[in-house]
Amino acid sequence: MPVEYVIAIAAGSAVISAILGFVIANLINANRRKVEEAKIGSAQDRSKEILEEAEKSAETLKREALLVAKEESMKKQAEIDKEIKERRNELNRSEKRVANKEEALDKKMDNLEKRENSLAQRENDLNRRKQEVDSFAEKAKKELERISGLTSEQAKELLLKSVEDEIKLDTAKLIKELDAKAKEEADKKAKEYVVSAIQRTAADHVAETTISVVPLPNDEMKGRIIGREGRNIRTLETMTGVELIIDDTPEAVVLSGFDPVRREVARIALEKLIVDGRIHPARIEEMVEKAQKEVENIIKEEGESAVLEVGIHSIHPELVKLLGRMRYRTSYGQNVLKHSIEVAHLAGILAAELGLDVRLAKRAGLLHDIGKAVNHEMEGSHVELGVELCKKYKESPIVINAVASHHGDCEPTSLIACIVQAADTISAARPGARRETLETYTKRLKQLEEIANSYKGVDKSFAIQAGREIRVMVVPEQVSDADMVLLAHDISKQIESELQYPGNIKVNVIRESRAIDYAK
């Protein structure tokens with residue numbers, strides 16, 4: 001077959017294939033468009049249905065919302081109507097109350113008008129009566145002047161003098177009442193002694209009661225006591241709580257401190273160190289511990305010795321230790337332990353004379369100042385502390401009351417308490433018992449008498465009992481019974497302001513009767 005025929009047949013086949021492919025493609029595209037048009041029509045129908053359903057739902061919700069709003073509106077209207085009704089009722093009640101009050105006020109106004117008229121009438125009557133009384137008083141005055149032979153001025157002077165005497169008497173009574181009231185209401189009486197306060201607190205003091213002197217073999221020992229860079233003296237001061245004063249005083253070191261027990265510990269420790277010769281911080285600590293034990297033994301022995309000397313037994317061991325501590329306490333230069341032993345003996349003698357329990361009296365006398373053995377860590381006066389200690393260690397009520405009342409802080413409830421009070425005064429007042437120079441003593445006696453003699457109506461005065469009492473003899477014609485109280489009060493106040501003295505001074509004014517006051 002020729003090539004041209006083959007080419008023509010192939011070209012014809014290609015044309016036919018192209019025509020068939022075109023026709024088939026058109027058919028396929030036509031079917032797709034139909035399908036898509038059908039889907040679009042279906043979607044449009046569905047959207048219309050959804051819109052119709054949404055419109056129906058919206059209409060339903062709208063109707064429901066309208067119904068709810070109508071119900072709420074009706075409820076609100078009902079509440080408003082109810083509130084309006086209640087307010088109207090309250091307003092009606094208020095109007096009724098106002099009307100009642102207006103009616104009551106009208107009645108009160110009427111009553112007040114009636115009372116004003118009545119008062120005005122009574123005032124007129126009083127004025128009329130006053131005029132009558134004045135007229136009668138003037139007539140009575142003239143009649144009295146005629147009968148008595150005195151003018152009104154003379155009568156006035158007599159009346160004023162009478163009133164003055166009455167006022168003096170009332171003033172004296174008032175002073176007595178106020179003094180008694182002050183004694184009843186006072187919690188405690190201020191009876192602080194200077195040396196006792198020094199030993200329990202850091203106050204001003206006299207040198208003799210706050211220093212101890214330790215002799216040295218030579219002045220070279222001072223350097224050894226001080227140590228390198230002062231370490232020895234610092235250790236000793238820290239361990240004992242006492243200050244060491246190392247100055248130009250030859251062959252002596254001064255120990256200064258308020259607590260006499262600590263000073264004694266420091267003194268013993270320093271003396272041991274000087275004898276030993278080895279002075280360094282470790283040795284100082286060792287010697288201070290030994291000195292403390294030695295002082296504790298001395299305190300215990302002194303307490304036991306005091307108990308044996310007085311002759312009483314079964315005292316609590318802690319009270320015995322406190323008695324031993326009083327060996328290192330002083331009051332106006334008088335050793336407190338010796339003073340307590342002396343009071344115990346005096347109380348025992350007085351109790352024996354009166355037929356009382358001698359042992360109980362001695363016990364109360366020995367323990368009456370036990371509060372002075374306590375240091376500053378416990379607060380209160382030595383009387384209060386003594387009472388607390390006696391209660392703590394189960395002392396008898398008689399002993400406790402004797403301790404509480406020996407300075408007059410409370411009333412004694414037994415004869416033994418009175419005996420202890422008297423024995424304490426006797427021991428303290430004994431000449432030489434307490435430190436006081438002769439010059440100061442005589443000067444105070446002279447000043448007491450001069451103060452008393454400076455008052456009008458005083459005949460003579462005497463300072464007795466070592467200056468603890470001033471007796472003032474008055475002229476009876478110039479000083480009345482009422483004047484005596486005022487005179488005793490004035491003298492005691494002047495003594496308080498001008499003199500310095502321990503304890504109390506009793507001001508005793510003597511006439512037909514006696515008026516006593518105390519300068520505290």
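Numbers here are sequence positions counted from 1.
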Quick one: salt bridge (charged side-chain N to carboxylate O under 4.0 Å, His left out) partners of R231, sequence neighbours excluded?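 Counting only residues at least two positions away or on another chain, R231 forms no salt bridge (charged side-chain N to carboxylate O under 4.0 Å, His left out).
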Under a 4.5 Å cut-off applied to non-hydrogen side-chain atoms, are [X] and [Y] in contact?
| X | Y | value |
| --- | --- | --- |
| E294 | K272 | yes |
| I298 | R327 | yes |
| I505 | L448 | yes |
| L366 | V343 | no |
| I510 | V474 | no |
| V458 | M473 | no |
| E286 | K290 | yes |
| Y455 | I491 | yes |

With salt bridge (charged side-chain N to carboxylate O under 4.0 Å, His left out) as the test, pick out the partner of R511 among D481, D483, D459. D481
Without swapping roles, check the side chain of [X] against the backbone of [Y] for a donor-acceptor pair under 3.5 Å.
| X | Y | answer |
| --- | --- | --- |
| N401 | P412 | no |
| D369 | V336 | no |
| N453 | E449 | yes |

Audit row: E285, R283, salt bridge (Lys or Arg N to Asp or Glu O under 4.0 Å) steps and yes/no: CA-CA 5 Å; E285 292 179 6; R283 189 65 175 168; over 6 Å; no
Quick one, M326 with E302, criterion side-chain contact (heavy atoms from CB on, under 4.5 Å). Give me CA distance, side-chain angles, the key distance, then yes/no. CA-CA 9 Å; M326 290 199 298; E302 288 290 337; over 6 Å; no
Distance check, rounded to the nearest 0.5 Å: [X] atom [atom1] versus [Y] atom [atom2]?
| X | Y | atom1 | atom2 | value |
| --- | --- | --- | --- | --- |
| L322 | I299 | CG | CD1 | 9.5 Å |
| I284 | R278 | CD1 | CZ | 12.5 Å |
| R471 | K460 | CZ | NZ | 13.0 Å |
| L346 | I341 | CG | CD1 | 12.0 Å |
| Q494 | E450 | CD | CD | 10.5 Å |
| Q447 | L445 | CD | CG | 9.5 Å |

Nearest heavy-atom neighbours spanning [X] and [Y]:
| X | Y | result |
| --- | --- | --- |
| S414 | I398 | OG-CG2, 3.7 Å |
| A373 | R325 | O-NE, 3.5 Å |
| Q292 | M239 | NE2-O, 4.2 Å |
| V242 | R263 | CG2-N, 3.8 Å |
| V403 | C390 | CG2-SG, 4.0 Å |

Contacts under 3.5 angstrom, residues 347-365 side chains, donor-acceptor by atom type, not counting sequence neighbours:
{"unit_1": "D357", "atom_1": "OD1", "unit_2": "R359", "atom_2": "N", "d": "3.2"}
{"unit_1": "D357", "atom_1": "OD1", "unit_2": "L360", "atom_2": "N", "d": "3.2"}
{"unit_1": "R359", "atom_1": "NH1", "unit_2": "G311", "atom_2": "O", "d": "2.9"}
{"unit_1": "K362", "atom_1": "NZ", "unit_2": "V310", "atom_2": "O", "d": "3.3"}
{"unit_1": "R363", "atom_1": "NE", "unit_2": "E395", "atom_2": "OE1", "d": "2.7"}
{"unit_1": "R363", "atom_1": "NH1", "unit_2": "H313", "atom_2": "O", "d": "2.9"}
{"unit_1": "R363", "atom_1": "NH2", "unit_2": "S314", "atom_2": "O", "d": "3.0"}
{"unit_1": "R363", "atom_1": "NH2", "unit_2": "E395", "atom_2": "OE2", "d": "3.2"}

Under a 4.0 Å threshold between the charged nitrogen and the carboxylate oxygen, would [Y] count as salt-bridged to [X]?
| X | Y | value |
| --- | --- | --- |
| E264 | R262 | no |
| D490 | K493 | no |
| E237 | R234 | no |
| K293 | E289 | no |
| E271 | R267 | yes |
| E301 | K321 | no |

Can you list the steps and then say if V288 with L236 is a side-chain contact (heavy atoms from CB on, under 4.5 Å)? CA-CA 8 Å; V288 169; L236 189 57; 3.9 Å; yes
Under the criterion side-chain hydrogen bond (donor to acceptor under 3.5 Å, both in side chains), I'd like the reasoning laid out for T235 against N232: C-alpha separation, chi angles, the key distance, then a yes or no. CA-CA 5 Å; T235 303; N232 291 344; 5.6 Å; no
Please step through side-chain contact (heavy atoms from CB on, under 4.5 Å) for the pair I268 and V295, ending with a clear verdict. CA-CA 9 Å; I268 293 174; V295 170; 3.7 Å; yes
Verify the ring-centre separation between H339 and H368: is it less than 6.0 angstrom?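 Yes, ring centres under 6.0 Å apart.
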Can you name the residues that form a side chain to side chain contact (heavy atoms under 4.5 Å, CB included) with Y393, not counting sequence neighbours? H316, E318, L319, L389
